[in-house]
Undergrad: 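Quick one: the structure is below, and I'll ask about it shortly.
For this chain, numbers begin at 1 and follow the sequence in order. Bear in mind that the values here come from a model prediction, so they are computed numbers and not experimental data.
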Amino acid sequence: MGSILLFLSVLAVIGAWWLSRQGLASKPWLEQGTASALVEANATPPSKIGLGIFLAVVGSLFALFISAYAMRMQLPDWRMVPMPRILWLNTAMLVLSSLALHGAKNAAGRGAMPELRLGLLAAGISALAFLSGQLLAWRQLTGEGYLLAANPANAFFYVLTGMHGLHLLGGLVALGRTTEKAWRETTAEPLRLSVELCATYWHFMLLVWLVFLSVLTGWAGEFVDICRQLLT
């Protein structure tokens, strides 16, 4: 349990760093300057602030599930679920989707509409491939007898991966709207904020998936144990 909490603390530090980079952790009332400086400090779009708050809430929810996972696995009836090999391909698809959105974000900044459209399409297709692969992993496990109610570890695997998949599916709705708008617009300016928000959300979902994968495979505990040995 302690090792998982320490691992989550590292993730919290990363999240705080990201928020500071987005300007959400700034304190303009402590800074010197005129009214124009305050206006500049408050120039962060409300949608970006809203996304930051949403990600903080979702991250807390995921952290609670991981904490519950860490506590439940200490009981004697726990049986680890074998990781289907397709999960590694799924991970590659999600990484590709995140990279494609990062490229789309850069293309939007340059005003390169063909690259922007291509990046959005690649991100959406890769994300759909990831979700399809997750369903195949579920089918493989159920076919081998790892049913939802057969063991607590099975239930946690399906809950964690299912919850992540649902959040990614919700992000696909926003990505689909942005992609549809990209084919109607002739310039990238109206799309910059939407693409940036989608990219931020995708990077977050990739980070969450990597954390889930490290926990489900037992790598998280091993990583923290190594860190402890280095510090002692």
Side-chain angles (χ1 to χ4, degrees), residues 1-18 51 54-75 78-99 101 123 126-142 144 146-148 150-172 175 198-227:
M1 175 62 181
S3 62
I4 297 296
L5 290 178
L6 180 60
F7 188 72
L8 292 176
S9 299
V10 175
L11 294 179
V13 172
I14 297 175
W17 172 83
W18 179 83
L51 178 62
F54 176 75
L55 294 184
V57 173
V58 172
S60 300
L61 176 64
F62 288 154
L64 288 175
F65 272 96
I66 294 176
S67 298
Y69 179 95
M71 291 186 291
R72 187 62 181 84
M73 70 183 299
Q74 305 299 324
L75 298 181
W78 187 269
R79 300 291 183 273
M80 290 293 292
V81 178
M83 296 295 104
R85 292 184 178 180
I86 195 174
L87 290 183
W88 309 115
L89 177 60
N90 297 347
T91 302
M93 290 296 100
L94 191 56
V95 170
L96 179 60
S97 184
S98 183
L99 290 176
L101 265 176
S126 301
L128 287 173
F130 170 83
L131 293 175
S132 300
Q134 295 295 79
L135 292 177
L136 289 177
W138 282 15
R139 183 176 180 181
Q140 178 181 341
L141 287 175
T142 54
E144 295 176 356
Y146 295 94
L147 303 178
L148 178 66
N151 187 271
N154 301 356
F156 267 100
F157 177 87
Y158 291 118
V159 168
L160 291 177
T161 56
M163 182 172 59
H164 177 268
L166 286 176
H167 280 83
L168 190 63
L169 187 62
L172 273 174
L175 179 60
C198 287
T200 299
Y201 187 79
W202 247 249
H203 299 337
F204 175 80
M205 295 307 298
L206 174 60
L207 175 61
V208 169
W209 172 247
L210 293 178
V211 172
F212 278 178
L213 191 62
S214 65
V215 170
L216 293 171
T217 56
W219 291 351
E222 296 177 2
F223 171 78
V224 175
D225 290 339
I226 293 174
C227 292

Undergrad: Hey, are the side chains of V215 and Y69 touching, using non-hydrogen atoms and a 4.5 Å cut-off?
TA: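 Yes - at least one pair of side-chain heavy atoms lies under 4.5 Å apart.
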Undergrad: Look at the aromatic rings of F156 and W78 and report parallel, tilted or perpendicular, splitting at 30° and 60°.
TA: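 The rings of F156 and W78 sit tilted, inter-plane angle from 30° to 60°.
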Undergrad: Return the set of residues passing salt bridge (charged side-chain N to carboxylate O under 4.0 Å, His left out) with R72 (not counting sequence neighbours), or none when no residue passes.
TA: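 D77.
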Undergrad: Where the side chain of T91 meets the backbone of L87, is there a donor-acceptor pair that is under 3.5 Å apart?
TA: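 Checked: pair present.
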Undergrad: Give me the atom names and distance for the closest heavy-atom approach of R79 to A153.
TA: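 That closest heavy-atom pairing would be O-CB, 2.9 Å.
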Undergrad: Could you tell me which non-hydrogen atom of W202 sits nearest to which non-hydrogen atom of L172, and how far apart they are?
TA: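 Result for this residue pair: CH2-N, 3.5 Å.
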Undergrad: Are side-chain heavy atoms of L216 and V81 found at a separation under 4.5 Å?
TA: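 L216 vs V81: side chains apart.
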Undergrad: Quick one: OG on S67 to CZ on F62, what's the gap to the nearest 0.5 Å?
TA: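 The distance works out to 13.5 Å.
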Undergrad: Measure across L101 and A123 and return the closest heavy-atom pair with its distance rounded to 0.1 Å.
TA: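 Closest pair (atom of L101, atom of A123, distance): CG-CB, 3.6 Å.
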Undergrad: Side chains of L213 and W88, heavy atoms from C-beta outward: is any pair under 4.5 Å?
TA: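 With C-beta onward as the side chain, the pair touches.
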Undergrad: How close do L141 and P82 get, heavy atom to heavy atom, and via which atoms?
TA: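 Scanning both residues completely, I find the closest heavy atoms to be CD2-O, 3.5 Å.
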Undergrad: Would you mind reporting whether F157 and L148 have side-chain heavy atoms less than 4.5 Å apart?
TA: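 When only atoms from C-beta onward are counted, F157 and L148 do not touch, as no gap falls below 4.5 Å.
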Undergrad: Assess the residue pair F212 and M163 against the criterion (side chain to side chain contact (heavy atoms under 4.5 Å, CB included)); give the C-alpha distance rounded to whole Å, side-chain angles, the decisive distance to 0.1 Å, and a yes or no.
TA: CA-CA 11 Å; F212 278 178; M163 182 172 59; 4.2 Å; yes
Undergrad: What is the distance from atom NE2 of H167 to atom CZ of F204, rounded to the nearest 0.5 Å?
TA: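 That separation rounds to 8.0 Å.
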Undergrad: Check whether any side-chain N or O of T142 sits under 3.5 Å from a backbone N or O of R139 as a donor-acceptor pair, and report yes or no.
TA: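 A pair under 3.5 Å: yes.
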Undergrad: Can you list the residues that meet the ring-ring contact (aromatic ring centres under 6.0 Å, His included) rule with Y201, with sequence neighbours excluded?
TA: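 Not a single residue meets the ring-ring contact (aromatic ring centres under 6.0 Å, His included) criterion with Y201.
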Undergrad: I need the L210 CG to S98 OG distance, nearest 0.5 Å.
TA: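 Here the interatomic distance stands at 9.5 Å.
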Undergrad: With rounding to the nearest 0.5 Å, note down the distance linking CG in L131 to CE in M93.
TA: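 Going from the CG atom of L131 to the CE atom of M93 covers 12.5 Å.
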Undergrad: For a quick test of reading the model, state the closest non-hydrogen atom pair linking S214 to T217 and the distance between them.
TA: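 Looks like O-OG1, 3.4 Å.
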Undergrad: CG/L55 to OG/S60 distance, rounded to the nearest 0.5 angstrom?
TA: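 The distance works out to 10.5 Å.
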Undergrad: Just wondering, do L94 and H164 contact through their side chains at under 4.5 Å, heavy atoms?
TA: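 A side-chain contact exists here, since the closest heavy-atom pair is under 4.5 Å.
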Undergrad: Quick one: pull up CG in L168 and OG1 in T161 and give me the separation to the nearest 0.5 Å.
TA: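 It comes to 12.5 Å.
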